[in-house]
Each structure stands twice: as structure tokens, then as C-alpha cells.
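Here is the structure we will look at.
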Amino acid sequence: QVQLVESGGGLVQAGGSLRLSCAASGRTFSSYNMGWFRQAPGKEREFVSVISRGGLASYYADSVKDRFTISRDNAKNTAYLQMNSLKPEDTAVYYCAVDAERILTTRPARYDYWGRGTQVTVSS
């Protein structure tokens, strides 16, 4: 079991940056792939990025590629999402999640545990 708590969200102007953190409880964090998702009002939860257990492989949605960077520090049981060049369309609640699948997945239903989310609002 993993408990996840996101932080680092806030209000930022277009073109600005934020770094989201996801703190995990327990000592099993390294057993899971770590994903970031986001959900805007009235829309389905959307894949953003995922990183493998050891942090050596990652994948990004086209909408954030070259702007966002996912990372993790298993010793600290923490994952991060560095968001640069933010756009108004990035506005959403951002969630971290973990899954125990052997292969990286972008599907929310495959993830086992979720944080409660942190709001990111990008103004124009």
C-alpha cells in the first residue's frame, strides 16, 4: 500500500514554472511505477507522464513533451513533476499515482493508488 500526497500547485502566469511533489508513505515506493495525471473541470482524467520504478525510463503526453520533466527520488519516497513554459490549457488538478504493472501504462484504470490532487492554475 502507498499513500500519496501532492504539493506544489498554485497560480502562475503563462510562461512560468512550477514543481509538483508527490510524497509517498511506506517503504514500497520503489516497487511502483509513478504517474502524473491531470483533470480539468468537466473533463476526464488525462495522462501527463510516467516514470519507471528505478527512474530510468519515462514517457510524456505530447501536450507536455519538452516542457515537463518527471523524476523520482526513491530514497526520499518522493516523485516530482517540473513544469516549465506553462500554458493556460495546463490548468487542472494534478494527481500522482502509482501502479505495479511491469510495463509503463498511461491508463488511469491501471493505477492502484492516487493522491488527492493539487490545483495548478495558469493565467494568461
Side-chain angles (χ1 to χ4, degrees):
Q1 297 184 356
V2 178
Q3 184 179 20
L4 305 170
V5 180
E6 302 94 337
S7 62
L11 176 64
V12 63
Q13 292 185 340
S17 298
L18 286 172
R19 189 181 75 159
L20 305 184
S21 297
C22 177
S25 65
R27 299 180 180 180
T28 61
F29 183 59
S30 62
S31 298
Y32 295 88
N33 301 315
M34 164 67 199
W36 284 98
F37 295 78
R38 64 189 183 186
Q39 188 167 22
K43 295 186 177 181
E44 294 184 342
R45 194 159 297 185
E46 175 189 26
F47 168 77
V48 175
S49 185
V50 61
I51 189 167
S52 63
R53 293 171 176 82
L56 299 180
S58 60
Y59 180 74
Y60 299 88
D62 288 342
S63 59
V64 305
K65 187 176 183 295
D66 299 325
R67 298 190 298 121
F68 291 9
T69 303
I70 191 170
S71 61
R72 67 191 298 166
D73 186 340
N74 288 342
K76 297 181 179 180
N77 285 345
T78 303
Y80 307 93
L81 185 69
Q82 178 66 45
M83 305 185 295
N84 298 327
S85 301
L86 283 162
K87 305 175 181 179
E89 50 262 45
D90 295 319
T91 296
V93 177
Y94 282 70
Y95 300 88
C96 62
V98 297
D99 85 272
E101 296 292 324
R102 188 166 183 85
I103 306 298
L104 300 183
T105 180
T106 65
R107 299 175 61 182
R110 299 293 190 185
Y111 285 76
D112 301 305
Y113 302 100
W114 294 81
R116 293 182 178 179
T118 185
Q119 177 71 48
V120 172
T121 302
V122 184
S123 64
S124 60

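Fair warning: this is a prediction, and the values are worked out from it, not measured in the lab. Values below: all heavy atoms of this structure, side chains included; hydrogens, waters and symmetry mates excluded.
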Sub-3.5 Å donor-acceptor pair from the side chain of [X] to the main-chain atoms of [Y], do we have one?
| X | Y | result |
| --- | --- | --- |
| R67 | S85 | yes |
| E6 | T118 | no |
| Y60 | I70 | yes |

Gap separating the CG atom of N33 from the CZ atom of R110, nearest 0.5 angstrom
12.5 Å
Please check if [X] and [Y] belong to a single hydrophobic cluster, counting links between Ile, Leu, Val, Met, Phe, Trp and Tyr side chain heavy atoms closer than 4.5 Å.
| X | Y | value |
| --- | --- | --- |
| V50 | V64 | no |
| L81 | L86 | yes |
| Y111 | L104 | yes |
| Y95 | Y80 | no |
| W36 | I51 | yes |

Testing the basics here: between T91 and V122, what is the closest heavy-atom pair and its distance to 0.1 Å?
OG1-N, 2.9 Å
Residue pair Y32 / A100: nearest heavy atoms and the distance that separates them
CD2-N, 3.8 Å
For D99, is there an ion pair with R107 - N to carboxylate O distance below 4.0 angstrom?
no
Taking the six-membered ring where the residue is Trp, are the ring centres of W114 and F37 under 6.0 Å apart?
yes
Show your reasoning for whether side-chain contact (heavy atoms from CB on, under 4.5 Å) applies to E46 and S63.
CA-CA 11 Å; E46 175 189 26; S63 59; 4.1 Å; yes
Starting from the C-alpha separation in whole Å, work towards a yes-or-no answer on side-chain contact (heavy atoms from CB on, under 4.5 Å) for S123 and Q13.
CA-CA 5 Å; S123 64; Q13 292 185 340; 3.7 Å; yes
